[in-house]
Enquirer: 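Pasting a structure below so you can have a look.
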Amino acid sequence: MPELAFSRRSALYGLGAAGLSAALASCGVPAAYVPEEGREAPDRSERDRSVVFSNWPLYIDTDEEDEERRPTLEAFSERTGIEVRYTEEINDNDEFFGKVSPALMNRQETGHDLIVVSDWMAARFVHLGWAQKLDRSAQPNVTRHLDPQLRSPAFDEGRLHTVPWQSGITGIAYNRKALGREIKSVKDLWQPDLAGKVTLFSGLDESFALLMQGNGVDVTRWTESDFHRMCDQVENMVKKKHIRRFTGNDYTSDLSKGDVLACQAYSGDAIQLQADNPDIEFVVPEEGAELWAESLLVPNLARHKANAEALIDYYYAPEVAASLAASVNYVCPVPAAREVLAASDDQETAELAENPLIFPDDDMRKRLVVARDISSAERRSLAKRWNAIVGL
């Protein structure tokens with residue numbers, strides 16, 4: 001199993017796009033935003049058949065006998081003649097942003113042709129004009145097979161600059177046997193029998209949508225008053241010591257050991273947790289849950305844009321998407337991959353097609369929404385409020 005989204009969807013500690021722009025302006029540095037016409041570099045794709053692809057650790061299929069081999073990437077190179085220089089160098093959204101932002105600010109290439117970041121970080125790249133517009137005419141698989149629910153997030157309408165790599169759900173995981181009852185709603189987390197046995201995510205971007213959904217908020221168009229009402233509620237639960245703590249990646253350990261009985265969780269984690277302990281359940285609350293993605297984008301001045309676009313489209317072929325989904329067990333952004341897995345002669349592989357945490361069924365999809373991202377104008381004040389509650 002991959003090192004799940006707890007790392008990739010880590011908390012925002014830095015200034016963010018708004019703080020960055022303000023800091024630059026105060027220093028007399030030209031605005032960080034790059035207009036569309038200033039993002040492309042001469043493309044070397046035809047004469048240099050290579051592409052530099054940077055991803056998170058353990059976020060791609062590997063050979064069972066040799067973990068250094070990545071079958072889908074090898075197949076792509078054999079099919080196209082394009083060498084993929086694959087690195088697992090993205091361990092934290094903000095850390096990676098800090099690494100590449102000096103070059104992008106100064107209109108210089110980063111050395112990356114293709115990267116994967118969480119959508120809230122992809123929003124920052126898009127808003128700063130640091131992601132190139134993709135040529136959809138060269139991406140028929142993306143056009144045909146991209147999950148309709150992921151086609152047009154607020155930060156990148158029409159997915160002109162980004163394409164989901166994998167997707168997931170922020171919901172609730174709990175130990176049904178130890179708790180002795182079902183959890184169906186976010187409000188169930190606040191019941192007295194869970195006092196001191198609940199954890200929430202510490203990251204603002206990871207936590208806010210589900211908690212607001214618990215208050216009946218339409219998170220596709222939430223307001224600052226919705227946010228502060230949610231914060232008042234969480235702050236009250238902290239004072240009552242109802243919330244055990246705020247977590248990052250260690251929430252899975254807390255739940256497995258029984259230190260907590262219920263927690264905010266990611267759907268990808270739940271599959272591994274359930275394999276280890278069948279008493280663990282993952283629920284998409286009655287009020288709804290956040291459907292998120294971690295997305296591919298081509299940063300400004302990338303030298304092999306066409307090769308990068310070809311690689312993106314390759315992963316949207318259903319048979320390739322199926323291979324990736326079978327390995328990483330996230331929500332697959334290619335619904336057509338379900339039929340490929342269902343037709344497998346291997347029983348365990350075929351059963352993945354029926355797993356709603358990889359291919360959400362119609363009932364679950366009705367409760368999934370893509371939340372409006374936090375704008376650059378909002379981020380500083382909202383992060384200050386949230387971090388004060390969390391203790392960051």
Enquirer: Can a salt bridge be assigned to the pair D113 and R44 using a cut-off of 4.0 Å between side-chain N and carboxylate O?
Expert: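 No salt bridge links D113 with R44.
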Enquirer: Are R365 and D147 within salt-bridge range, i.e. N to O under 4.0 Å?
Expert: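 So R365 pairs with D147 through a salt bridge.
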Enquirer: Look at R245 together with D250 and state whether they make a salt bridge at an N to O cut-off of under 4.0 Å.
Expert: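 Looking at D250 together with R245, the answer is yes, because their closest N to O distance falls below 4.0 Å.
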Enquirer: Group every Ile, Leu, Val, Met, Phe, Trp and Tyr by side-chain heavy-atom contacts under 4.5 Å, then state whether V298 and L160 land in the same group.
Expert: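 No, separate clusters.
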Enquirer: Are L311 and L73 side-chain neighbours, meaning at least one heavy-atom pair lies under 4.5 Å?
Expert: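 Yes - at least one pair of side-chain heavy atoms lies under 4.5 Å apart.
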Enquirer: To the nearest 0.5 angstrom, please state how far the CD atom of Q166 sits from the OH atom of Y59.
Expert: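 Answer for the CD-OH pair, Q166 versus Y59, is 5.5 Å.
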Enquirer: Are a donor atom and an acceptor atom from the side chains of S185 and D188 found within less than 3.5 Å of each other?
Expert: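 No.
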Enquirer: Between T162 and F155, is there a side-chain heavy-atom distance shorter than 4.5 Å?
Expert: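 In contact.
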Enquirer: Same cluster or not: V52 versus I312, using hydrophobic residues (I, L, V, M, F, W, Y) connected whenever any side-chain heavy atoms lie under 4.5 Å apart?
Expert: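 Different clusters.
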Enquirer: Among E319, E354, E351, find the one that has a salt bridge (charged side-chain N to carboxylate O under 4.0 Å, His left out) with R338.
Expert: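 Running salt bridge (charged side-chain N to carboxylate O under 4.0 Å, His left out) over E319, E354, E351 with R338 returns exactly one hit, E354.
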Enquirer: Holding to side-chain contact (heavy atoms from CB on, under 4.5 Å), I want the full list of residues that pass it with D276, two or more places apart in sequence or in another chain.
Expert: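 Listed in chain order: Q272.
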Enquirer: Partners of T349 by side-chain contact (heavy atoms from CB on, under 4.5 Å), sequence neighbours excluded?
Expert: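 Residues passing side-chain contact (heavy atoms from CB on, under 4.5 Å) with T349: L341, S344, D346.
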Enquirer: Apply the test salt bridge (charged side-chain N to carboxylate O under 4.0 Å, His left out) to residues K99 and D92: give CA-CA distance (whole Å), side-chain angles for both, the deciding distance (0.1 Å), then the verdict.
Expert: CA-CA 11 Å; K99 179 179 180 179; D92 176 271; over 6 Å; no
Enquirer: Does E235 come within less than 4.0 Å of R385, counting only side-chain N to carboxylate O?
Expert: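 Yes, E235 and R385 are salt-bridged.
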Enquirer: For the residue pair W222 and F227, does the interplanar ring angle fall in the parallel (under 30°), tilted (30 to 60°) or perpendicular (over 60°) class?
Expert: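 Judged by the thresholds at 30° and 60°, the geometry between W222 and F227 is tilted.
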Enquirer: Honestly curious: do V284 and L150 fall in one hydrophobic cluster under the side-chain, below-4.5 Å linking rule?
Expert: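 As far as the 4.5 Å side-chain criterion goes, L150 and V284 are connected within one cluster.
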Enquirer: Under the 4.5 Å side-chain heavy-atom rule for ILVMFWY, direct or indirect, which residues accompany V260?
Expert: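 Its cluster partners, ordered by chain and number, are L255, L273, I280.
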Enquirer: If we only count heavy atoms from C-beta on, is the N329 to L352 side-chain gap below 4.5 Å?
Expert: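 Of all side-chain heavy-atom pairs linking L352 with N329, at least one is under 4.5 Å.
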Enquirer: Please report the interatomic distance CH2(W130) to CG(L104), rounded to the nearest 0.5 Å.
Expert: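 With rounding to 0.5 Å, CH2 (W130) is 5.5 Å from CG (L104).
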Enquirer: On a heavy-atom basis, which atom in P318 and which in V334 lie closest, and how many Å separate them?
Expert: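 P318 and V334 have their closest heavy atoms at CA-CG1, 4.2 Å.
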Enquirer: Which heavy-atom pair separates H127 from Y33 by the least distance, and what is that distance?
Expert: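 In this case the closest contact between H127 and Y33 is O-CD1, 3.3 Å.
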Enquirer: Tell me whether R49 at atom CZ has more than 12 heavy atoms from other residues, nucleotides or ligands lying less than 6.0 Å away.
Expert: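 Result for CZ/R49: enclosed.
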Enquirer: Between R69 and E74 (salt bridge meaning N to carboxylate O under 4.0 Å), is one present in this structure?
Expert: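 Judged by the 4.0 Å cut-off on N to carboxylate O distance, R69 and E74 do form a salt bridge.
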Enquirer: Does one side chain, of W292 or S118, offer a donor that lies under 3.5 Å from an acceptor on the other?
Expert: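 No, no side-chain donor-acceptor contact under 3.5 Å.
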Enquirer: Go through the steps for D94 and M121 under the test side chain to side chain contact (heavy atoms under 4.5 Å, CB included), then give the verdict.
Expert: CA-CA 8 Å; D94 284 300; M121 177 57 73; 3.6 Å; yes
Enquirer: Would you check, one step at a time, whether the test ring-ring contact (aromatic ring centres under 6.0 Å, His included) holds for W165 with F53?
Expert: CA-CA 12 Å; W165 170 248; F53 179 18; 5.6 Å; yes
Enquirer: Cation-pi between R79 and Y314: NZ/CZ under 6.0 Å from ring centre and within 45° of the ring axis?
Expert: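 No, R79 and Y314 do not form such a contact.
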Enquirer: Honestly curious: do V126 and W120 fall in one hydrophobic cluster under the side-chain, below-4.5 Å linking rule?
Expert: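 Not linked; separate clusters.
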Enquirer: Determine, stepwise, if the pair L210 / F201 fulfils side chain to side chain contact (heavy atoms under 4.5 Å, CB included).
Expert: CA-CA 10 Å; L210 182 73; F201 287 135; over 6 Å; no
Enquirer: Is it the case that one hydrophobic cluster holds both I271 and I169, taking links as side-chain heavy atoms less than 4.5 Å apart, direct or via other members?
Expert: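 Result: yes, single cluster for both.
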Enquirer: Can you tell me if E157 has over 12 outside heavy atoms packed within less than 6.0 Å of its CD?
Expert: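 No, CD of E157 has 12 or fewer neighbouring heavy atoms, counting only those of other groups under 6.0 Å.
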Enquirer: How far does CD of Q132 sit from CG of N300, to the nearest 0.5 angstrom?
Expert: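 Taking CD in Q132 and CG in N300, the distance rounds to 5.5 Å.
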Enquirer: After noting the C-alpha distance and the side-chain angles of M230 and W386, does the key distance pass the side chain to side chain contact (heavy atoms under 4.5 Å, CB included) rule?
Expert: CA-CA 10 Å; M230 177 272 291; W386 179 255; 3.9 Å; yes
Enquirer: Check the pair I60, V328 against side chain to side chain contact (heavy atoms under 4.5 Å, CB included), reporting the backbone distance first and the verdict last.
Expert: CA-CA 7 Å; I60 199 168; V328 301; 5.7 Å; no
Enquirer: Using a 4.5 Å cut-off on heavy atoms from C-beta on, say whether the side chain of V163 contacts that of R136.
Expert: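 When only atoms from C-beta onward are counted, V163 and R136 do touch, with a gap below 4.5 Å.
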Enquirer: Hey, is D226 close enough to R221 for a salt bridge, meaning N to O under 4.0 Å?
Expert: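 Salt bridge between D226 and R221, a charged N being under 4.0 Å from a carboxylate O: no.
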Enquirer: So do Y315 and T72 actually touch side chain to side chain, heavy atoms under 4.5 Å?
Expert: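 Yes - at least one pair of side-chain heavy atoms lies under 4.5 Å apart.
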